[in-house]
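See below for the structure under consideration.
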Protein chains: 2
Amino acid sequence: MARRWTSQDVAALAGVSVATVSYVMNGRMIDRIPAPTREKVLSAARQLDYSPNRAAQSLRRQKTEQICLVVDSIGVPVIDQLARDLHAAADDIGYGLITIVVGSDERGEKATRLLHQRIADGAVIAPSNVFRFREESLGDLARGGLPLVVMNNTVRPAGFDVVRAPEREACGEAMDHLLSSGRRRVAFLGHHEEVTNPTTRAESARMGAYLWALARHGIDADESLIVEGADERVAGYRAATELLQRPDRPEAIFAASARSAISAIWAARDAGLAIPDDVAVVGCGNLPETEITRPRLSTVGPPTTEDFTEVSRLLFDRLLAKERLPEREITNPWAFVPRGST
Amino acid sequence: MARRWTSQDVAALAGVSVATVSYVMNGRMIDRIPAPTREKVLSAARQLDYSPNRAAQSLRRQKTEQICLVVDSIGVPVIDQLARDLHAAADDIGYGLITIVVGSDERGEKATRLLHQRIADGAVIAPSNVFRFREESLGDLARGGLPLVVMNNTVRPAGFDVVRAPEREACGEAMDHLLSSGRRRVAFLGHHEEVTNPTTRAESARMGAYLWALARHGIDADESLIVEGADERVAGYRAATELLQRPDRPEAIFAASARSAISAIWAARDAGLAIPDDVAVVGCGNLPETEITRPRLSTVGPPTTEDFTEVSRLLFDRLLAKERLPEREITNPWAFVPRGST
DNA sequence: CTGTTAGCGCATTCAT
DNA sequence: ATGAATGCGCTAACAG
């Protein structure tokens with residue numbers, strides 16, 4: 001690894017002190033440093049292809065000018081949107097965005113550790129079906145002075161802000177809609193952890209709402225209609241196809257993601273079934289694609305495509321605040337949005 | 001922002017020196033430090049909720065233990081796969097992955113600057129339709145000692161590794177296939193920059209292959225069949241729908257992405273058209289979804305879903321090498337893969 | 001076995 | 001207007 005030039009080198013080349021180099025590079029003392037000196041420094045810097053070392057800057061300035069997004073997997077559309085919005089907000093104030101992907105619980109530990117190590121000046125924890133940060137860890141982080149926004153329906157604010165979405169209620173509405181029409185066999189296309197892991201199953205809003213609605217309507221849950229790991233397009237298609245081939249095929253499909261719901265629509269159409277007459281389909285979350293399926297997909301989720309500028313604001317308010325801010329809690333509007341597929 | 005505890009504090013609390021704290025925290029001198037001392041340190045660290053400051057570590061160790069992925073937008077499936085593979089590889093050796101999104105050219109400058117500042121120990125530049133890193137910048141970066149892998153078909157290796165995909169040839173094959181069957185009206189669903197910007201249009205392998213094939217077969221390009229900004233699902237669907245409603249509708253659609261090709265299939269089916277008899281469809285890139293469309297989507301791309309472990313290896317070989325490595329160049333196999341839609 | 005110490009590269013205060 | 005000196009928090013050589 002070639003030794004990179006440092007401010008020392010630039011100073012030497014320009015015939016000034018490192019202090020002057022620092023001033024010039026940061027545009028400080030702008031009107032006290034004469035243009036010729038300034039030029040000498042700039043030219044030396046250019047000549048050496050110098051840029052200040054980030055780690056040294058962070059150490060000295062006591063901030064990284066990075067924010068961190070913690071997600072549980074890559075390629076989920078709604079998380080992409082979150083990343084985009086955060087990125088844009090960060091960019092506006094010259095901050096960068098770094099993403100940590102937490103595919104498993106042990107990786108959750110790792111993410112906590114990195115946050116602890118002040119790898120970023122603030123963080124957003126995205127909703128997840130996989131990992132459960134211990135509330136205690138989050139509290140520790142916040143108490144340590146890390147601006148933190150947690151998107152989660154159950155965690156209690158403890159020095160950090162919380163963003164909620166009333167998923168359970170909204171899903172319940174959708175299920176009621178499905179069941180009130182007399183349909184009794186409703187399949188569930190869920191995420192892996194949501195369905196398989198007993199703890200997370202109990203905590204899952206979508207799965208919970210599904211089971212609870214069934215119970216409310218006096219229907220015994222049929223485990224053979226509950227599919228795990230069917231949250232993305234291919235698995236969703238395969239699961240739906242299989243379900244719809246059965247002689248006792250379901251009259252409705254409730255999918256825990258919009259992607260698998262869209263796949264379910266294809267599967268139904270490919271099977272020659274009419275939607276919603278032969279089989280109704282509902283998904284969770286609002287993707288733009290919802291508007292281009294035939295029929296248009298009914299969803300439970302926000303009324304329009306999700307937008308996370310509010311979440312960004314929570315974080316950056318905290319980040320830029322001088323003193324510690326009170327905890328805030330915001331709720332994203334979720335509701336059952338009937339379109340054509342129910 | 002609460003002052004975080006430092007190794008000094010831990011040392012004081014444990015009644016040892018900072019060196020010992022460092023040794024214990026890093027598991028060094030593991031067999032020279034007696035268990036009781038070790039315990040004291042660990043307990044003090046736990047008590048103060050201490051973790052070593054990352055910036056200080058990086059500065060001292062002269063490495064960040066992060067790698068950086070530079071992409072031009074979020075939410076492109078193939079890039080997600082790349083991110084996943086890199087992430088996994090990084091994880092294996094205790095490295096983190098940070099992603100920089102370069103939505104525009106000025107942001108490209110910023111990315112270069114960050115890389116220069118040694119925000120990471122190595123970087124992968126993903127293929128892009130948007131930004132053009134100046135070869136010179138990349139060379140500078142590499143000359144500065146940054147392990148770098150660039151995924152690009154035109155750039156020359158200059159201290160970094162290059163990953164290519166023979167897109168132009170493969171696309172040409174697909175176009176030949178389409179045109180040889182007697183079809184003359186072939187639409188193109190392209191990315192924004194690919195179609196609109198004269199420079200990038202000229203450089204685009206997919207657009208280029210399309211135009212070139214047309215010329216080869218003695219067909220005048222019809223600009224009204226060329227759609228820009230139709231690289232994602234919704235735009236692709238809308239564009240295809242519009243195209244297929246025309247009285248002189250195209251006999252084939254060549255899409256520069258797999259997602260828009262899949263949308264084109266839906267659009268055709270929704271319009272009651274038979275594929276490939278009424279309209280043939282080809283996309284670029286290999287998504288798993290390709291297997292679940294009806295008919296299955298013919299693509300130009302790698303034979304199986306893309307896998308970037310080779311790319312990861314290039315980077316990590318460089319990263320872990322003691323001395324500077326020779327430049328390597330690998331070529332991902334791209335070809336026309338006819339399935340059902342042509 | 002453990003403590004002392006010298007930087008890593010930079011920003012900043014205080015002199016001049 | 002600019003330079004010298006200090007220290008951010010940590011690691012690693014070197015002492016002892």
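In what follows, every heavy atom counts, from backbone to side chain, and hydrogens, waters and symmetry copies are set aside. Per chain, numbering begins at 1; letters A, B, ... match sequence-line order.
- Closest approach of Q66(A) to I119(B), counting heavy atoms only: NE2-CD1, 3.1 Å.
- When atom types are taken as modelled, the side chain of T99(A) and the backbone of L69(A) share no donor-acceptor pair closer than 3.5 angstrom.
- The backbone N or O of I74(A) lies less than 3.5 Å from a partner atom in the side chain of R84(B), making a donor-acceptor pair.
- Checked by atom type and distance alone, the side chain of N26(B) pairs as donor or acceptor with a backbone atom of S22(B) at under 3.5 Å.
- Side-chain atoms of I33(A) lie closest to dT2(D) of the nucleotides dC10(D), dG9(C), dT2(D).
- Under the 3.5 Å distance criterion, the side-chain polar atoms of D161(A) are left unmatched by any main-chain donor or acceptor of E327(A).
- dA12(D) atom P lies 7 Å from atom CG of N26(B), rounded to whole Å.
- Across the protein-nucleic acid pair, E39(A) atom CD and dA1(D) atom P stand 18 Å apart, rounded to whole Å.
- Backbone-only engagement by T20(B) is indicated by non-hydrogen atom pairs under 4.0 Å involving sugar-phosphate atoms exclusively.
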Could you list the donor-acceptor pairs under 3.5 angstrom formed between side-chain atoms of residues 148-159 of chain B and any protein atom two or more places apart in sequence or on another chain?
residue : atom : partner : partner atom : Å
N152(B) : OD1  : T154(B) : N            : 2.7
N152(B) : OD1  : T154(B) : OG1          : 2.9
N152(B) : OD1  : V155(B) : N            : 3.0
N153(B) : OD1  : A165(B) : N            : 2.8
N153(B) : ND2  : A165(B) : O            : 2.9

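- Taking a cutoff of 4.0 Å between a charged side-chain nitrogen and a carboxylate oxygen, D91(A) and K110(B) qualify as a salt bridge.
- Remark: side-chain polar atoms of R54(B) are not paired, donor with acceptor, to backbone N or O of A55(A) under 3.5 angstrom.
- Checking L59(B) against V18(A), the closest nucleotide of DNA chain D that is more toward the 5' end is the one next to V18(A).
- With respect to R143(B) and D49(A), no salt bridge is recorded, no charged nitrogen being found less than 4.0 Å from a carboxylate O.
- The CZ atom of R28(B) sits 13 Å away from the C1' atom of dC14(D) (whole-angstrom rounding).
- Summarising the geometry, the separation between CD on Q62(A) and P on dC10(D) is reported as 10 Å, rounded to the nearest angstrom.
- Looking only at distances, a side-chain donor or acceptor of R4(B) sits under 3.5 Å from a matching main-chain atom of H116(A).
- For dT2(C), neither phosphate oxygen OP1 nor OP2 lies less than 4.0 angstrom from any side-chain nitrogen or oxygen of S17(B).
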Restricting to nitrogen or oxygen on both sides, can you table the protein-nucleotides 14-16 of chain C pairs closer than 3.5 Å?
none

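- Across the protein-nucleic acid pair, K63(A) atom NZ and dA11(C) atom P stand 12 Å apart, rounded to whole Å.
- Distance from the side chain of A19(A) is smallest for dG3(D) among the nucleotides dG3(D), dA11(C), dT2(C).
- Under 4.0 angstrom from either OP1 or OP2 of dG9(D) there lies no side-chain N or O belonging to Q57(B).
- Using a 4.0 Å heavy-atom distance criterion, V16(B) is classed as a sugar-phosphate-only contact.
- Defining each end axis of the helix from dC1(C)-dG16(D) to dT16(C)-dA1(D) as the rotation carrying four pairs' C1' atoms onto the next four, with five pairs an end, the two axes are found to diverge by 40° to 10 degrees.
- Atom CG of N53(B) is separated from atom P of dC8(C) by 18 Å (rounded to the nearest Å).
- Summarising the geometry, the separation between NE2 on H116(B) and P on dC10(C) is reported as 12 Å, rounded to the nearest angstrom.
- Residue Q8(A) places none of its side-chain N or O atoms closer than 4.0 Å to OP1 or OP2 of dG9(C).
- Between dG9(D) and T6(B), no contact under 4.0 Å exists linking OP1 or OP2 to a side-chain N or O.
- One interatomic measurement links the two molecules: CZ of R60(B) to C1' of dC10(D), which rounds to 8 Å at whole-angstrom precision.
- Residue contacts for T37(A): at a heavy-atom cut-off of 4.0 Å it reaches the sugar-phosphate backbone alone, with no base atom in range.
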